[in-house]
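Worksheet for the structure shown next.
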Amino acid sequence: MNGGFLCSSNFPTVSCVFYVYRVGKAALDSVNLKGHSFLTLKDFNAEEIKHILWVSADLKHRIKHRGEYVPLLQGKSIAMIFEKRSTRTRMSTETGFSLLGGHPCFLTPQDIHLGVNESTTDTARVLSGLADVVLARVYSHSSLEHLDIDASIPIINGLSDLYHPIQVLADLLTLQEHYGSLKGLTLAWIGDGNNVLHSFMMSLAKLGVNLKVATPKGYEPDANVTQEAQLLSKQFGTKLQFLMDPMETARDSSVLVTDTWVSMGQEEEKKKRLKDFLGYQITMQTGSVAAPDWTFLHCLPRKAEEVDDEVFYSPRSLVFTEAENRKWTIMGLMVCILTDYTPQIPKLKF
């Protein structure tokens, strides 16, 4: 429990009331994610995703807008394993964990090489005794699953070849802030069928968001993820469409989204990929057939062939708010899985 005094003065009398807020078990919200790993949004239901976003919005309000110090993670540490370089994931996690009073420890491939110098099993057990949580940004999703099996502390997916769920948390918070709610929106994904798209496919239907996907032939999303997404769409009554025409995909859509066409590890394919993705650049012409209030998202870093400057730097682009929200959502996630904190702001509308 934490608290403070609220005082009012009616001369010559001063009245003070001690108030408390819970950092213990949630009293008003039944969701409890403490101790849970976060490998994919497939494992989380709608209420759990909404809860993470609620906590994230609460921390953003208290820390950014009210200037409060909220040391919910004081005395805790996070081990950050990065097989792939990153700007947003590293900065958001390090600054966010520190801002909450915790200690981040960054591990490069020179410090730790999963399954090479030491078995992944041994690494998981060692880190379980040294840290409270692990965030791992890896090439293979199986590395995360292996860590999760052998660790006794939560594992967070900082990115894998299959999913990028912490990116999608930031995207969802950004859209909720902009539109006021998510239900009924239509998101148009125009580009590569990659890990970010997979995470959208595992979450949007649960929140009442329709999804339209345009990818060049040969760049479709994973077949197993697609099958699961189709089941979710049917279960939650949303629309899920797979197309090849970017303009048809953008038509009447609320949000236009793309990502890099050449991810880390695909550099040798760059020439072929740029040729295959011709016609998939998002421009104002693409937006001309979208909903009147359409917006644009990109998880960054961005190349001009993916989206032109006119869209990227326009008022319709939410990319820099999206990037900032990487910090608030990773903070919200870490608070959810390491504490029993209950947000102080009203629940968000979804």
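Residue numbers run from 1 in the order of the sequence given. Every heavy atom of this structure was used, including side-chain atoms; hydrogens, water molecules and symmetry mates were not. Source: prediction; values computed, not measured.
- Here the CE-NZ distance, from M201 to K42, works out to 11.5 Å after rounding to the nearest 0.5 Å.
- The two atoms that bring G279 and P246 nearest to each other are O-CG, 3.5 Å, heavy atoms only.
- Side-chain atoms of S142 and S140 form a donor-acceptor pair, as typed in the model, at a separation below 3.5 Å.
- Side-chain atoms of Q230 do not come within 3.5 Å of backbone N or O of L240 as any donor-acceptor pair.
- Side chain of H198 to main chain of V225: no donor-acceptor pair is present (N/O by atom type, distance under 3.5 Å, no hydrogens or angles).
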**Asked** Are F236 and L207 close enough, and set up right, to give a side-chain contact (heavy atoms from CB on, under 4.5 Å), and what steps lead you there?
**Response** CA-CA 8 Å; F236 292 97; L207 301 171; over 6 Å; no
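- Interatomic distance, L127 CG to I81 CD1, rounded to the nearest 0.5 Å: 5.5 Å.
- Residues L318 and E177 are not in side-chain contact: their nearest non-hydrogen atoms beyond the backbone lie 4.5 Å or more apart.
- Using bins of under 30°, 30° to 60° and over 60° for the plane-to-plane angle, the ring pair H65/H61 lands in the tilted bin.
- Within the 4.5 Å cutoff, the side chain of L100 has heavy atoms near those of the I63 side chain.
- Nearest heavy atom pair, residue M244 against residue Y280, reads O-OH, 2.6 Å.
- If you chain together hydrophobic residues whose side chains sit under 4.5 Å apart, I52 and L232 fall into the same group.
- Of the possible polar contacts, one joining the K212 side chain to the R251 backbone as a donor-acceptor pair under 3.5 Å is found.
- Residues M331 and K60 fail the side-chain proximity criterion, which asks for heavy atoms closer than 4.5 Å.
- At a threshold of 4.5 Å between non-hydrogen side-chain atoms, the residues E48 and D43 do not count as touching.
- Side-chain atoms of S92 come within 3.5 Å of backbone atoms of T89 as a donor-acceptor pair (strictly under, hydrogens ignored).
- With W54 contributing its side chain and P346 its backbone, the two residues share a donor-acceptor pair below 3.5 Å.
- Sparse packing is recorded around CE of M91, with 12 or fewer heavy atoms of other residues, nucleotides or ligands lying under 6.0 Å away.
- For the atom pair CZ of R326 and CD1 of I166, the computed distance is 4.5 Å after rounding to the nearest 0.5 Å.
- Tracing side-chain contacts under 4.5 Å through hydrophobic residues (I, L, V, M, F, W, Y), one never reaches L243 starting from I282; they form parts of separate clusters.
- Considering only heavy atoms from C-beta on, E248 stays 4.5 Å or farther from Q241 through its side chain.
- With hydrophobic clusters built from ILVMFWY side chains whose heavy atoms lie under 4.5 angstrom apart, V134 does not share a cluster with I149.
- Applying the side chain to side chain donor-acceptor pair (under 3.5 Å) test to pairs two or more places apart or on separate chains, those with a residue in residues 292-305 are Y179-T295, H298-E306, R302-D309.
- A donor-acceptor pair shorter than 3.5 Å can be found between the side chains of T108 and D111.
- Between F320 and F312, the ring center distance clears the sub-6.0 Å criterion.
- Judged purely by distance below 3.5 Å, without hydrogens or angles, the side chains of E322 and T174 never pair a donor atom with an acceptor atom.
- Using a 4.5 Å cut-off between side-chain heavy atoms of Ile, Leu, Val, Met, Phe, Trp and Tyr, with links allowed through other members, W328 and I345 fall into the same hydrophobic cluster.
- Counting all heavy atoms, side chain and backbone alike, V255 lies closest to V257 at CG1-CG2, 3.7 Å.
- Counting all heavy atoms, side chain and backbone alike, I49 lies closest to S203 at CD1-CB, 4.2 Å.
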**Message:** I'd like to know whether T226 forms a side-chain contact (heavy atoms from CB on, under 4.5 Å) with E220, so could you lay out the CA-CA distance, the side-chain angles of the two residues, the decisive distance to 0.1 Å, and finally the verdict.
**Reply:** CA-CA 9 Å; T226 298; E220 297 86 356; over 6 Å; no
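- In terms of heavy-atom proximity, A46 sits nearest to K206 at CB-O, 3.3 Å.
- Atom CZ of R90 sits about 13.5 Å away from atom CZ of R85, to the nearest 0.5 Å.
- A donor-acceptor distance shorter than 3.5 angstrom exists from the side chain of D161 to the backbone of H141, with no hydrogens or angles considered.
- Between L39 and Y163 the shortest side-chain heavy-atom distance does not fall below 4.5 Å.
- Looking at V213 and T249, their side chains never come closer than 4.5 Å, going by heavy atoms from C-beta outward.
- Shortest non-hydrogen contact noted between K76 and D132 is CA-OD2, 3.1 Å.
- Q167 and D259 are not linked by any side-chain donor-acceptor pair at a separation below 3.5 angstrom, with hydrogens and angles left out of the test.
- In this structure, the side chain of S233 engages the main chain of T238 through a donor-acceptor pair within 3.5 Å.
- Side-chain atoms of V209 and L175, non-hydrogen and from C-beta on, never get closer than 4.5 Å to each other.
- S288 is linked by a side-chain hydrogen bond (donor to acceptor under 3.5 Å, both in side chains) to nothing, counting only residues two or more places apart in sequence or in another chain.
- Under a hydrophobic-cluster definition in which Ile, Leu, Val, Met, Phe, Trp and Tyr are linked whenever side-chain heavy atoms come within less than 4.5 Å, directly or via other members, V126 and V138 are assigned to different clusters.
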Using distance only, find each side-chain donor-acceptor pair of residues 184-193 under 3.5 Å and give its atom names and separation, not counting sequence neighbours.
unit_1: T186; atom_1: OG1; unit_2: N210; atom_2: ND2; d: 3.3
unit_1: W189; atom_1: NE1; unit_2: D192; atom_2: O; d: 2.8
unit_1: D192; atom_1: OD2; unit_2: R273; atom_2: NH1; d: 3.1

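- A donor-acceptor pair under 3.5 Å is formed between the side chain of T286 and the backbone N or O of T283.
- Formation of a donor-acceptor pair under 3.5 Å by the D58 side chain with backbone atoms of Q344 is found in this model.
- Rounding to the nearest 0.5 angstrom, the gap separating the CG atom in L197 from the CG atom in L204 is 9.0 Å.
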**Request:** Give the C-alpha distance, both sets of side-chain angles, the deciding distance and a yes or no for side-chain contact (heavy atoms from CB on, under 4.5 Å) between F38 and F44.
**Result:** CA-CA 9 Å; F38 188 76; F44 291 77; 3.4 Å; yes
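- In this structure, N195 contributes its side chain and H164 its backbone to no donor-acceptor pair below 3.5 Å.
- Atom CD of E47 is separated from atom NZ of K50 by 4.5 Å, given to the nearest 0.5 angstrom.
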**Message:** Evaluate L162 against L144 for side-chain contact (heavy atoms from CB on, under 4.5 Å), listing each step before the verdict.
**Reply:** CA-CA 11 Å; L162 193 58; L144 294 168; over 6 Å; no
